[in-house]
Amino acid sequence: MASDSGTKIVLTASATEMSDFSNNPFIAFVGGFGKGPIPLSYVRRTLYPHRPKKADGQASYAPYGLRKVESILLEGGFARKDIAVVYPEDLDLFIGPNTKVVGISSMDPTGMGYVSKTYSSIVGGGEPMNRIEFRKLVMHPAIRNYKPKVIVGGYGSWQLERQQVSKSYGVDCVLMGGRPEPIVELFKKAVSGEQIPRIAKADESLDNWDYNQEMPVTQNVAIHGAVEISKGCGRNCQFCTPTMQHKIDVPLEKIMQEVALSTKQGSDHITLITEDLFLYGQKDPGFVPNSEAIIKLCKSVADHPGVKSIQAAHMSLAPVYHNPKMISELAEILIEKSWYSFGGKPIITAETGVETGSPRLMKKYMGGKMLPYQSEQWPEVVTNAFGILNDNDWYPLATLIIGLPDEKEEDMLQTLELMDDLKDYNAFYVPLFFVPLENCVLMNKKGAEMDSLSKARWDFFVKCWEYNIKIWKPTFLENRLPNPFLYRTFDRVFIPYFGKLLGAYYGLTRRGSGEQFKQAVYQLSMPMPDNGRRTKGKMKAKSEN
């Protein structure tokens, strides 16, 4: 616990980003939903509670990016006693007259991310919780009273300038990029009272610095036992920022150092942070996977003492189609370390981007996504990859984008056709409105808006959630929400509320048409019986067919 004078450097993040969402990485998506009329204190307790604090009052777990900044500062010459990583509700215990800097990490400070832009007005209504919690953080009385320099970094820091809220939020500096040397120099200036820039760029391009040489390993455990295995992607999808960066693999030795640290500090779960698990060790210009390197990595992590479960953040589909044997071999390793289950059996999952069923849009905006195949083969790649994954107990979480620039009705119809082709596979579909992110090729394009969606786009949005409900509702809540109170809240309050809001919005904007939509609302609004099960729709898990 800090003295009454305060800790010199305090590092934190908003309440949504400092939570592990009851140890569920995918439930963290709901941070982008609207809060609606539910009291914030209730939402915090039930949806995104924080893990217990350390004995000294600091946060036991923190976002991976914040842990990296902590290590950068410690390696850069700052003393351990001068740095505290804390939960936002404990700022008044660590900020005082001697506090010079409050460093904040944020992924989505103003609710401009894909999930927030898509779902905040549909689920709950009003501002997304990410935005509410970030604003509450920067307006904290301890920050306002003692006036330390406020530096905001992380993948979402650009939003503050795009929304022109830095000044009103009291943010002194928006930090973009993660190169250690500029970060250390910025904090040194802030601590010594020197003037710091309103925008500081810590070198966004990975091409201009030796990432593995300069970036230190973390010194404290991150939320979900996060460990970075690679950075960047190189596939050059124009709607995405990380894919514009050349891929860099973290050496296995450094990965295992962070795995060992995480297990030693109490995390038996390991999340592999990567834009694509199947690109680890890849050197081929056609993006052919290096199966030997991937299998060695996963086996090394799985064999480490204390690791009970492993979750990869992202994967791509083309390598699955290209090398089914690799998927089978990985499944033998990862199924023993399963984080999730379906219908009582363990499964493997990771987020993947389907994005569209249109070969034209694939070729125009993401020509590297399907390599080593051609854009015309994309629907074939997707359907075959889903089959291979399901055959090996991999159930992907798939994102799809509505409203890409120049998207035509025929493109949307092709995506609907692809969804029909996928109807017999087990997956979780997340339709998202196109958002022009910073530092991507399409950053100056107009984002998709809900009130401009055509009937085909609405039908697609609804179809995704129809599939989700039919596949996942019988087991999703009970397997992912171990807290019975959370389980019943989602089943009897959240899901019906979601369906009613969708129905009301669609009725107002589409004049009540759409029998398909009505059926989706009906599915969404049906609570499970008391035994936690409801009769499944025609789409069943393969294991039960």
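Note: hydrogens, waters and symmetry copies are ignored here, and every other heavy atom, side chains too, is used. Numbering of residues begins at 1 and proceeds along the displayed sequence.
Between M366 and F239, the shortest heavy-atom contact is SD-CE2, 3.6 Å. Pairing each heavy atom of H50 with each of P88, the nearest pair is CE1-CD, 3.9 Å. When every heavy atom of M18 is checked against every heavy atom of A13, the shortest pair comes out as CG-O, 3.4 Å. The two residues P289 and I294 have their closest heavy-atom pair at CB-CD1, 4.2 Å. Among all heavy-atom pairs drawn from V320 and I388, the shortest one is O-CD1, 3.6 Å. The heavy-atom pair separating F134 from P109 by the smallest distance is CB-O, 3.5 Å.
Put simply, the side chain of N384 gets close to the backbone of E380: a donor and an acceptor are under 3.5 Å apart. Panel note: side chain E275, backbone C233; no donor-acceptor pair is recorded below 3.5 Å. The backbone N or O of I347 sits less than 3.5 Å from a side-chain atom of S338, completing a donor-acceptor pair. Remark: side-chain polar atoms of H224 are paired, donor with acceptor, to backbone N or O of D20 under 3.5 angstrom. A donor-acceptor contact shorter than 3.5 Å is absent between the side chain of W339 and the backbone of A312. Judged by distance alone, the side chain of T263 and the main-chain N or O of V307 form no donor-acceptor pair under 3.5 Å. At distances below 3.5 Å, at least one donor-acceptor pair connects side-chain atoms of S60 with backbone N or O atoms of P52. Proximity of a side-chain donor or acceptor of D284 to a complementary backbone N or O of G286 within less than 3.5 Å is detected. In this structure, Y280 contributes its side chain and V250 its backbone to a donor-acceptor pair below 3.5 Å.
There is a side-chain donor-acceptor pair under 3.5 Å between S116 and D108. If you check the side chains of Y340 and Q311, you find no donor sitting under 3.5 Å from an acceptor.
If you take NZ on K254 and CG on D249, they are separated by 12.5 Å, rounding to the nearest 0.5 Å. If you take OH on Y61 and CG on L66, they are separated by 15.5 Å, rounding to the nearest 0.5 Å. In this structure, CG in D276 is found 9.0 Å from CE in M315, a value given to the nearest 0.5 Å. Interatomic distance, T352 OG1 to L317 CG, rounded to the nearest 0.5 Å: 3.5 Å. For the atom pair CE of M129 and CD1 of I38, the computed distance is 8.0 Å after rounding to the nearest 0.5 Å. From L361, atom CG reaches atom CH2 of W378 across 12.5 Å, with rounding to the nearest 0.5 Å.
Residues K296 and E292 are not paired through a salt bridge, judged by the lack of any N-O separation under 4.0 Å between the basic side chain and the carboxylate. Residues R67 and E70 are paired through a salt bridge, judged by an N-O separation under 4.0 Å between the basic side chain and the carboxylate. One finds a salt bridge joining K68 and E258 here, because a Lys/Arg side-chain nitrogen approaches an Asp/Glu carboxylate oxygen to under 4.0 Å.
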One pair to check against side chain to side chain contact (heavy atoms under 4.5 Å, CB included): D459 and M412. What are the steps and the verdict? CA-CA 10 Å; D459 288 344; M412 196 67 253; over 6 Å; no
So L297 and I229, side chain to side chain contact (heavy atoms under 4.5 Å, CB included) or not? Walk me through it. CA-CA 9 Å; L297 163 69; I229 66 169; 3.7 Å; yes
Stepwise, does the side chain to side chain contact (heavy atoms under 4.5 Å, CB included) test hold for V30 with Y48? CA-CA 9 Å; V30 304; Y48 46 93; 6.0 Å; no
Working for side chain to side chain contact (heavy atoms under 4.5 Å, CB included), residues S14 and K136: CA-CA 8 Å; S14 68; K136 192 172 182 65; over 6 Å; no
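Atom NZ of K308 has 12 or fewer heavy atoms from other residues, nucleotides or ligands within 6.0 Å. Surrounding CE of M215 are more than 12 heavy atoms belonging to other residues, nucleotides or ligands, all under 6.0 Å away. No more than 12 heavy-atom neighbours from other residues, nucleotides or ligands sit within 6.0 angstrom of NZ on K299.
Looking at heavy atoms from C-beta onward, T399 lies in side-chain contact with E355 at the 4.5 angstrom threshold. Side-chain contact between I401 and T356: absent, with no pair of heavy atoms (C-beta onward) separated by less than 4.5 Å. The side-chain heavy atoms of S22 and I27, taken from C-beta on, include no pair separated by under 4.5 Å. Proximity of D393 to L334: side-chain heavy atoms (C-beta onward) are nowhere separated by under 4.5 Å. Residues E133 and V43 form no side-chain contact, since every pair of their non-hydrogen atoms from C-beta on lies 4.5 Å or further apart. The side-chain heavy atoms of K231 and I273, taken from C-beta on, include no pair separated by under 4.5 Å. The shortest distance between side-chain heavy atoms of S19 and P49 falls below 4.5 Å. Residues L279 and S230 are not in side-chain contact: their nearest non-hydrogen atoms beyond the backbone lie 4.5 Å or more apart.
Ring-plane geometry between Y395 and F342 is classed as perpendicular, the angle between the planes exceeding 60 degrees on a 0 to 90 degree scale with a lower cut at 30. Ring orientation note: the planes of F386 and Y425 are nearly perpendicular, at an angle over 60° on the 30°/60° scale.
Residues W465 and F460 place their aromatic rings such that the two centres sit no closer than 6.0 Å.
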